[in-house]
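Below is one structure, written out as structure tokens; comments come after it.
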Amino acid sequence: MLTEEKYFNFLIKQQKMLTEEIKKAIKEQIRLSKIAHEKQEIRDELDEKSKNLIILGLSKLKEKYPDIESKFSQKETSVEAMRWLLNVFINKSEEYVYISERMKEIPEFREDKALQDELGKANYEYFNAVYKLNKQIENDRKRFFTKEYIERMDQYADNGVLLYFLETPDIDILDDELTESFLIDTYLFNDSLNLRVMLDRYVNMPNPSPIMGRKGEDIIISINLLNEGCYRAAARNIFALLESEHKRCADAFEGYFTKKKNIEKVMKEQKR
């Protein structure tokens, strides 16, 4: 059992890992992270406004033209629906002409169209800020993570303890006295305080989308289940969250690598 003395000794060792150079790197990561979150808030606010305009506009469109719903795609996934929409737009099909002409009559669609330039700029600034943050973290990892440290992280992963979220070497995993089970106990100590801190960015997101809001609630429920000793129920919740994220990533990258190869092939042929 993890005692308070052992836990605080662990925290003291963590503090010793933070050299002045690492502290400086963390400060810069925090600065870039703050910028990224500010840009995200602006982007999300505009995105939410756009979605609300589309929902209201679509409601008015269906009310004015009851037959128009039959013109829309009835696809099982959002990826398939997007492909249908792009095909309709590119080929300027009969459905596209019919729908677009009637959309021009709805003020919410006109307002949303005027909003798109601002939303596009906000998207660019957000992703640019995220890129700078990730690049900084990548560079810091190359500077501070030694070969031995990375190998020990891999050993921990083989035993089911994933530490790849670390942005600087905050934990002295090269200390032979630090076992995987002891490290897990430090995250569960005092009603999972360390675990709550680690997941705080996902739980306390400012103005989260409905999806992220639900995920934050599920994380809190999972931690509470851990504290109550309901490990199987907690595990089911966590695995459901992981499966959801895996599906979203799979949908986002569906066909990406095939298209990338085709584009690279075309570019090579053009150079010849």
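Here, residue 1 is the first one in the sequence, and each next residue gets the next number.
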(message) As a quick check of understanding, evaluate side chain to side chain contact (heavy atoms under 4.5 Å, CB included) for Q29 and L32, giving each step before the final call.
(response) CA-CA 5 Å; Q29 288 182 15; L32 292 172; 5.9 Å; no

(message) Counting C-beta onward and ignoring hydrogens, is there a side-chain heavy-atom pair between L18 and I26 closer than 4.5 Å?
(response) yes

(request) Return yes if some donor-acceptor pair links the side-chain N/O of D200 with the main-chain N/O of R196 below 3.5 Å, else return no. (result) no

(request) Begin from the C-alpha positions of E105 and K64 and carry the test salt bridge (charged side-chain N to carboxylate O under 4.0 Å, His left out) through to its verdict. (result) CA-CA 10 Å; E105 302 172 18; K64 190 172 183 179; 2.9 Å; yes

(message) Tell me whether H246 contacts the main-chain N or O of L242 through its side chain, where contact means a donor paired with an acceptor under 3.5 Å.
(response) no

(message) I want to check something: taking the side chain as every heavy atom from C-beta on, are F165 and M198 in contact at a cut-off of under 4.5 Å?
(response) yes

(message) Could you measure the distance from the CG atom of L199 to the CD1 atom of I220? Nearest 0.5 Å is fine.
(response) 10.0 Å

(message) Do K13 and E177 have side chains that approach each other closer than 4.5 Å (heavy atoms only, starting at C-beta)?
(response) yes

(request) Look at R214 together with D218 and state whether they make a salt bridge at an N to O cut-off of under 4.0 Å. (result) no

(request) Look at the side-chain heavy atoms of Ile, Leu, Val, Met, Phe, Trp and Tyr, link any pair under 4.5 Å apart, and say whether V197 and I171 land in one connected group. (result) no

(message) Apply side chain to side chain contact (heavy atoms under 4.5 Å, CB included) to residues F8 and T3 and explain how you reach the verdict.
(response) CA-CA 9 Å; F8 286 120; T3 63; over 6 Å; no

(request) Output yes when R143 and D140 qualify as a salt bridge under the 4.0 Å nitrogen-oxygen rule, no when they do not. (result) yes

(request) Indicate the atoms forming the closest heavy-atom contact of I219 with V203, along with that distance. (result) CG2-CG2, 3.7 Å

(message) Show the nearest heavy-atom pair for residues S50 and Q116, with the distance to one decimal.
(response) OG-NE2, 3.4 Å

(message) Within this structure, what is the CE-CG distance for the pair M153 and D158, rounded to the nearest 0.5 Å?
(response) 12.0 Å

(request) Applying ring pair (Phe, Tyr, Trp, His ring centres under 6.0 Å), name anything that partners Y149, two or more places apart in sequence or on another chain. (result) F145

(request) Of all the heavy-atom pairs spanning F144 and P169, show the shortest one and how long it is. (result) CB-CD, 3.5 Å

(request) Without swapping roles, check the side chain of N9 against the backbone of E5 for a donor-acceptor pair under 3.5 Å. (result) yes

Enumerate donor-acceptor pairs with a distance under 3.5 Å from any side-chain N or O in residues 179-190 to protein atoms, sequence neighbours excluded.
residue : atom : partner : partner atom : Å
T179    : OG1  : S181    : OG           : 3.3
T179    : OG1  : F182    : N            : 3.2
E180    : OE2  : N159    : ND2          : 2.7
T186    : OG1  : L183    : O            : 2.5

(message) If hydrophobic clusters are built from ILVMFWY residues whose side chains come within less than 4.5 Å, do L46 and I35 share one?
(response) no

(request) Quick one: pull up NZ in K113 and CZ in R110 and give me the separation to the nearest 0.5 Å. (result) 10.5 Å

(request) Decide yes or no on side chain to side chain contact (heavy atoms under 4.5 Å, CB included) for L163 and V161, but give the supporting numbers first. (result) CA-CA 6 Å; L163 299 176; V161 181; 4.2 Å; yes

(request) Give a yes or no on whether L195 and Y164 share a hydrophobic cluster (residues Ile, Leu, Val, Met, Phe, Trp, Tyr; joining criterion: side-chain heavy atoms under 4.5 Å apart). (result) yes

(message) Return the CD1 to OG distance between I137 and S33, rounded to the nearest 0.5 Å.
(response) 7.5 Å

(request) May I ask you to decide whether D44 forms a salt bridge with K51, counting only side-chain N to carboxylate O separations under 4.0 Å? (result) no

(request) Applying side chain to side chain contact (heavy atoms under 4.5 Å, CB included), run through D176 and R152 and close with a yes or a no. (result) CA-CA 10 Å; D176 291 330; R152 186 61 62 88; 3.7 Å; yes

(request) Would you name the heavy atoms of S222 and N237 that are closest together and state the gap between them? (result) OG-CB, 3.0 Å

(message) Would you compute the distance between atom OG of S192 and atom CG of L226 and round it to the nearest 0.5 angstrom?
(response) 5.5 Å

(message) If you define the side chain from C-beta out and look only at heavy atoms, does anything of K135 sit under 4.5 Å from N139?
(response) yes

(request) Output yes when E63 and K60 qualify as a salt bridge under the 4.0 Å nitrogen-oxygen rule, no when they do not. (result) no

(message) Quiz question: by atom type and distance under 3.5 Å, do the side chains of T19 and K24 form a donor-acceptor pair?
(response) no

(request) Flag the pair S244 / K215 as yes when at least one side-chain heavy-atom distance between them is below 4.5 Å, and no otherwise. (result) yes

(request) Please determine, by modelled atom types, if E228 and N224 share a side-chain donor-acceptor pair under 3.5 angstrom. (result) no

Taking distance alone, no hydrogens or angles, what donor-acceptor pairs closer than 3.5 Å link side-chain atoms of residues 122-131 to residues at least two apart or in another chain?
residue : atom : partner : partner atom : Å
N123    : OD1  : R43     : NH1          : 3.3
N123    : ND2  : L119    : O            : 3.3

(message) Check this for me, if you would: do K142 and E138 make a salt bridge, where the nitrogen-to-carboxylate-oxygen distance has to be below 4.0 angstrom?
(response) yes

(request) Spell out, yes or no, whether L56 and L58 are grouped together once hydrophobic residues are joined by side-chain heavy atoms under 4.5 Å, including indirect joins. (result) no

(message) I want to check something: taking the side chain as every heavy atom from C-beta on, are F10 and D172 in contact at a cut-off of under 4.5 Å?
(response) no

(request) Rounded to the nearest 0.5 Å, what's the gap from CE on M17 to NZ on K23? Could you check? (result) 13.0 Å

(message) I want to check something: taking the side chain as every heavy atom from C-beta on, are K49 and L115 in contact at a cut-off of under 4.5 Å?
(response) yes

(message) Do L241 and I221 sit in one hydrophobic cluster, given that two such residues count as connected whenever their side-chain heavy atoms are within less than 4.5 Å of each other, even indirectly?
(response) no

